[in-house]
Structure formats: structure tokens, C-alpha cells
Amino acid sequence: MGKVLMIGAGGVATVAAFKIAQNADVFTEFMIASRTKSKCDKIVKAIGNPNIKTAQVDADDVEQLKALFNDFKPELVINLALPYQDLTIMEACLACGCNYLDTANYEPKDEAHFEYSWQWAYKKRFEDAGLCAILGCGFDPGVTSIFTAYAAKHHFDEIQYLDIVDCNAGNHHKAFATNFNPEINIREITQKGLYWEDGKWVETAPLEIHKPLNYPEIGPKESYLLHHEEIESLVKNYPTIKRARFWMTFGQQYLTYLDCIQNLGMSRIDEITYEAPLADDPTKKVNVKIVPLQFLKAVLPNPQDLGQNYDGQTSIGCRIRGIKDGKEHTYYVYNNCSHQAAYEETGMQGVSYTTGVPAMIGAMMFFKGLWRKPGVWNVEEFDPDPFMEQLGKQGLPWHEVFDCDIEL
């Protein structure tokens with residue numbers, strides 16, 4: 001049914017690749033491309049399907065991307081590379097007549113800031129080209145936005161209060177590690193918090209607002225208010241929302257290490273000059289430029305290698321309060337995902353699994369013609385029902401609780 005090219009070879013891409021291979025009735029031709037081809041080849045070997053093609057490409061280079069797209073001619077490009085590369089991949093898709101899907105919105109390399117405005121600016125160009133771009137099709141953003149759309153369609157006349165809650169109660173048995181790309185993860189957590197209330201954005205100090213919340217099968221976990229991109233699109237597409245917030249759990253040990261990293265200057269994203277010995281003559285020195293956070297990423301555990309000893313589970317969902325038939329109701333929809341079950345199926349831990357599976361389902365929705373219209377769209381702008389139907393079938397079952405204490 002569909003010819004797909006996936007860019008990226010990390011943990012999320014590995015999960016998406018396994019799931020694409022499991023749905024060969026939808027994805028008839030498949031290529032994995034990355035800066036390092038050997039990583040793509042490793043994924044293909046793990047899946048055990050020699051029909052999956054691989055290629056080397058620098059996703060920062062539009063001309064390289066165009067050459068690859070014109071050669072393979074995919075109908076859809078799944079971008080599971082870094083958020084810095086969203087715009088170059090979108091440019092190449094427009095030039096080559098390819099549709100587009102990603103899991104995280106664009107952010108510039110030199111600033112810890114992310115918002116949808118850069119990608120929304122492509123809307124008319126994709127419309128004019130007759131191409132579809134699907135934004136934010138991971139779990140959060142992604143499934144959380146689809147949960148919200150499902151609630152609006154089936155359970156509320158008016159959503160008024162939305163809290164997205166993300167708990168990782170797993171243990172990877174490392175002193176300090178991030179569950180996805182350390183550079184992106186630390187940039188996200190260390191910036192100021194942001195939430196929507198009464199028609200405006202409210203800014204907070206990083207991790208300033210927090211409280212314990214109870215998670216199904218897990219219990220109470222301290223949860224911290226962060227800025228997260230799906231809030232931006234959800235308040236735009238559901239203007240009845242009076243307040244929207246995003247919460248994520250962190251253990252005390254993680255926060256202690258994070259505090260040390262910041263105090264030592266290792267979370268900086270600007271270049272510094274470092275005097276390094278020459279490789280062929282260590283007695284001589286040369287000035288080189290390094291970005292401290294990129295250096296830190298190089299010495300931290302690779303998120304792809306955490307799965308084997310990772311136990312526990314994640315719990316991610318939406319807690320909603322609003323009006324139905326003139327009465328106030330609450331609604332909680334969520335998924336719990338076992339790290340060990342994810343590892344046994346794909347070799348990756350649960351955080352990669354919960355992002356990679358929805359990326360594949362979004363691509364499936366495209367190829368089935370269910371999510372397919374010219375322009376640039378966030379996932380909540382499509383019909384949530386067929387996606388929700390696939391979510392449980394593909395390994396992420398979801399649960400609903402009505403008129404409960406949502407704690408927020």
C-alpha cells in the first residue's frame with residue numbers, strides 16, 4: 001500500500017522500524033536512512049528482514065536529502081531525527097513531492113526554545129503542493145493530543161481544563177541517564193515552565209511548580225510543571241480550554257544530578273574554546289570549539305542501551321474537566337507501558353516504545369487515506385477514532401476513568 005522512508009536510527013526509530021515491519025500489508029517498501037548507515041543496518045539485522053533498505057544521509061543537508069528522496073521516491077517521509085532537522089527535511093519533501101510526518105516540533109540549535117510557528121509557516125506551501133505534513137505524532141506530543149480530540153468528540157461539549165500527566169516509574173539502574181536524546185532532554189527540562197490560563201501564557205521558573213500525583217498501578221509521584229509543545233496546538237484547536245498544563249515526574253536523584261550539571265556549566269548550548277592536544281603530537285595544543293551539552297551527551301549512557309535492565313512502567317495520559325449536557329464531568333484517559341515488555345519485543349525501553357509505536361500508527365493512518373489532506377496539521381486535527389482503535393492493537397492499550405478525582 002505504501003512506500004515509506006524513515007530518517008533516524010535511535011531508540012524511537014528502532015521501535016518504529018519493528019512496527020513498520022510487523023505491518024507489511026500497509027508498508028510495502030521501507031527504507032531507513034541516517035547519518036551513520038551502520039546504525040540502520042543494525043536495526044535491519046535485529047528485525048531480520050533483508051528487504052528493508054538502508055542509506056546514509058546528513059539530515060542537515062537539503063541537497064543530500066533531495067538526492068535520496070528523488071532516488072528512492074517515498075510517498076511518506078517519517079522524520080525521527082533531531083528536532084533541529086525538521087525544517088531541512090520539510091524543505092526536501094516539498095522539493096521532491098513527498099509527504100511528511102514527525103514526532104517533535106522544530107527548535108533551533110543555538111537556543112533552547114521550541115514552538116510550532118516555524119512549521120505552521122509551511123502550511124500554504126504544503127497545500128499548494130498537494131502534500132500532507134503531520135506534526136507531533138509520538139506520545140506526548142501525539143497520543144496525548146489524540147486523547148484530547150477523542151474526549152472532545154465523545155465525552156464533552158466543552159473542554160475547560162486539561163492536564164497532561166507523564167510518569168516514568170521505571171528504574172534503569174544507572175546513576176544518571178536520560179530516556180531519549182540527552183541533548184534534547186536536558187534542554188527541554190532546564191528551560192522555563194509555561195502553561196495556558198485565561199487566554200494567556202503564564203511563565204514559571206524551571207521546575208518551580210510541582211505536586212504529588214497518583215498514577216495507576218504506580219501510586220504517588222512528585223510531578224513537575226513543564227512547557228510542552230502540544231499545549232500550544234491544543235489551546236489553538238480547542239479554544240474553550242481555560243487552562244492547560246503539562247506535568248512530568250522526576251526522581252530526586254535525577255534532579256540532584258541535573259542541578260550539578262547546570263551548576264558545572266555542562267548544560268550550556270553555546271560554544272566554548274577548549275585547548276586540546278594534537279592527535280599526532282600530544283606535546284602540542286590546538287584550540288577547538290565544543291558545546292558542553294553535546295560533550296555531556298557523548299559521555300552519558302546511550303538511551304538505546306538502557307532497555308535490558310530497565311524495569312517498571314510508564315503512565316501517560318490526559319486528565320480533563322469540562323461540560324457535557326450542561327453538567328460538569330471529569331475524564332482520565334491513559335496508557336501504562338512496561339519497560340520490560342517493550343524490550344522483549346523491540347530491544348528498546350518503554351519511553352522509546354511509547355513514541356515509536358504512535359509514529360508508525362500515524363503513518364498507517366496516512367497510507368489508509370484516513371489522515372490525508374494537503375497542508376500542515378497537528379494530529380488532533382484528524383479523526384481520532386481509527387488511531388485509537390489501532391493503539392491497543394499495536395501494543396499501547398488505553399484506559400478510561402469517568403467522573404473521578406483528577407487531583408488537578
Side-chain angles (χ1 to χ4, degrees), residues 83 86 102-107 112-124 133-166 188-189 191-211 213 223-248 316-324 328-334 358 362 371 373 375-384 387-388 406-408:
D86 288 2
D102 68 26
T103 61
N105 69 358
Y106 174 74
E107 60 179 282
H113 177 78
F114 50 92
E115 62 180 58
Y116 275 118
S117 61
W118 288 290
Q119 291 178 277
W120 285 344
Y122 280 74
K123 187 173 182 68
K124 188 172 189 307
I134 301 170
L135 305 184
C137 197
F139 206 106
D140 43 349
V143 175
T144 52
S145 304
I146 295 157
F147 280 168
T148 304
Y150 186 83
K153 180 176 179 179
H154 295 283
H155 302 309
F156 291 96
D157 298 322
E158 186 177 303
I159 291 177
Q160 295 180 334
Y161 299 93
L162 168 67
D163 285 280
I164 296 169
V165 292
D166 182 328
E188 176 182 301
I189 293 164
Q191 68 175 287
K192 291 179 179 179
L194 199 67
Y195 66 96
W196 178 263
E197 187 163 33
D198 295 331
K200 63 180 184 295
W201 292 104
V202 181
E203 191 176 86
T204 74
L207 307 182
E208 175 188 4
I209 297 175
H210 56 94
K211 65 181 295 182
L213 298 174
S223 306
Y224 296 78
L225 188 147
L226 302 180
H227 168 44
H228 226 247
E229 61 237 62
E230 65 263 49
I231 298 297
E232 182 185 7
S233 66
L234 287 169
V235 299
K236 171 177 168 281
N237 289 316
Y238 297 95
T240 62
I241 292 176
K242 297 178 180 179
R243 187 184 67 214
R245 301 176 295 191
F246 181 94
W247 305 81
M248 183 175 281
I316 313 173
C318 295
R319 302 184 184 191
I320 298 171
R321 185 152 46 99
I323 303 298
K324 178 69 173 178
E328 185 175 270
H329 292 277
T330 65
Y331 174 68
Y332 181 20
V333 56
Y334 67 92
W371 287 14
K373 52 187 178 181
V376 174
W377 310 97
N378 292 89
V379 292
E380 69 269 17
E381 296 178 273
F382 296 101
D383 183 4
F387 187 102
M388 293 285 278
I406 56 174
E407 303 180 297
L408 291 158

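For NZ of K153, the number of neighbouring non-hydrogen atoms (other residues, nucleotides, ligands) closer than 6.0 Å is greater than 12. Around atom NZ of K123, more than 12 heavy atoms belonging to other residues, nucleotides or ligands sit under 6.0 Å away.
In this structure, L408 CG and R319 CZ are separated by 6.0 Å, a value rounded to the nearest 0.5 Å. With rounding to the nearest 0.5 angstrom, the OG1 atom of T148 is 4.5 Å from the CG atom of L162. To the nearest 0.5 Å, atom CG of residue D140 and atom CG of residue D166 are 4.5 Å apart. Atoms OG1 and CD1, on T204 and I209 in that order, are 5.0 Å from each other to the nearest 0.5 Å. Residue E197 holds its CD atom at 12.5 Å from CD1 of I241, rounded to the nearest 0.5 Å. Taken from CG in D157 to OG1 in T240, the straight-line distance is 10.0 Å, to the nearest 0.5 Å.
The backbone N or O of Y116 sits less than 3.5 Å from a side-chain atom of E232, completing a donor-acceptor pair. Judged by distance alone, the side chain of W371 and the main-chain N or O of D383 form a donor-acceptor pair under 3.5 Å.
Considering every non-hydrogen atom in both A244 and V235, the closest pair reads CB-CG1, 3.8 Å. Closest approach of P358 and G138 over heavy atoms only: CB-O, 3.0 Å. Scanning both residues, D102 and G136, for their nearest heavy atoms gives OD1-N, 2.8 Å. Across all their heavy atoms, I159 and A151 have their closest contact at CD1-CB, 4.4 Å. Smallest separation of non-hydrogen atoms from C137 and G362: SG-CA, 3.6 Å. Across all non-hydrogen atoms, the minimal contact from C318 to T144 is SG-O, 3.2 Å.
When the ring pair (Phe, Tyr, Trp, His ring centres under 6.0 Å) test is applied to Y332, the partners found at least two apart in sequence or on another chain are Y334. Contacts of E380 classified as side chain to side chain donor-acceptor pair (under 3.5 Å), with partners at least two apart in sequence or in another chain: S233, N237. By the side chain to side chain contact (heavy atoms under 4.5 Å, CB included) test, H227 is found to be paired with F114, Q191, L194, residues two or more places apart in sequence or in another chain being considered. Partners of Y161 by side chain to side chain contact (heavy atoms under 4.5 Å, CB included), not counting sequence neighbours, listed by chain and number: K242, R243, R321. Listed by chain and number, the residues in a ring pair (Phe, Tyr, Trp, His ring centres under 6.0 Å) with W247 amount to none (sequence neighbours excluded). Scored by the side chain to side chain contact (heavy atoms under 4.5 Å, CB included) test, H329 finds F156, K324, K327, D403 as partners (sequence neighbours excluded).
Ring geometry for H155 against Y331 counts as tilted: the plane angle lies between 30° and 60°, on a 0 to 90° scale. By the 30° and 60° cut-offs, the orientation of the rings of F382 relative to W377 is perpendicular.
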Derivation of the side-chain contact (heavy atoms from CB on, under 4.5 Å) call for I164 and H228:
CA-CA 9 Å; I164 296 169; H228 226 247; over 6 Å; no
Check step by step if side chain to side chain donor-acceptor pair (under 3.5 Å) holds for N378 and W120.
CA-CA 9 Å; N378 292 89; W120 285 344; 2.9 Å; yes
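In this structure, E208 and L225 have side chains that are not in contact, with every pair of non-hydrogen atoms separated by 4.5 Å or more. The side-chain heavy atoms of Y238 and E158, taken from C-beta on, include no pair separated by under 4.5 Å. At a threshold of 4.5 Å between non-hydrogen side-chain atoms, the residues I231 and Y195 do not count as touching. For the pair I189/L207, a side-chain contact is recorded, criterion being any heavy-atom separation below 4.5 Å from C-beta on. In this structure, V165 and L213 have side chains that are in contact, with non-hydrogen atoms separated by less than 4.5 Å. You'll find the side chain of V143 reaches within 4.5 Å of the side chain of F387, heavy atoms only.
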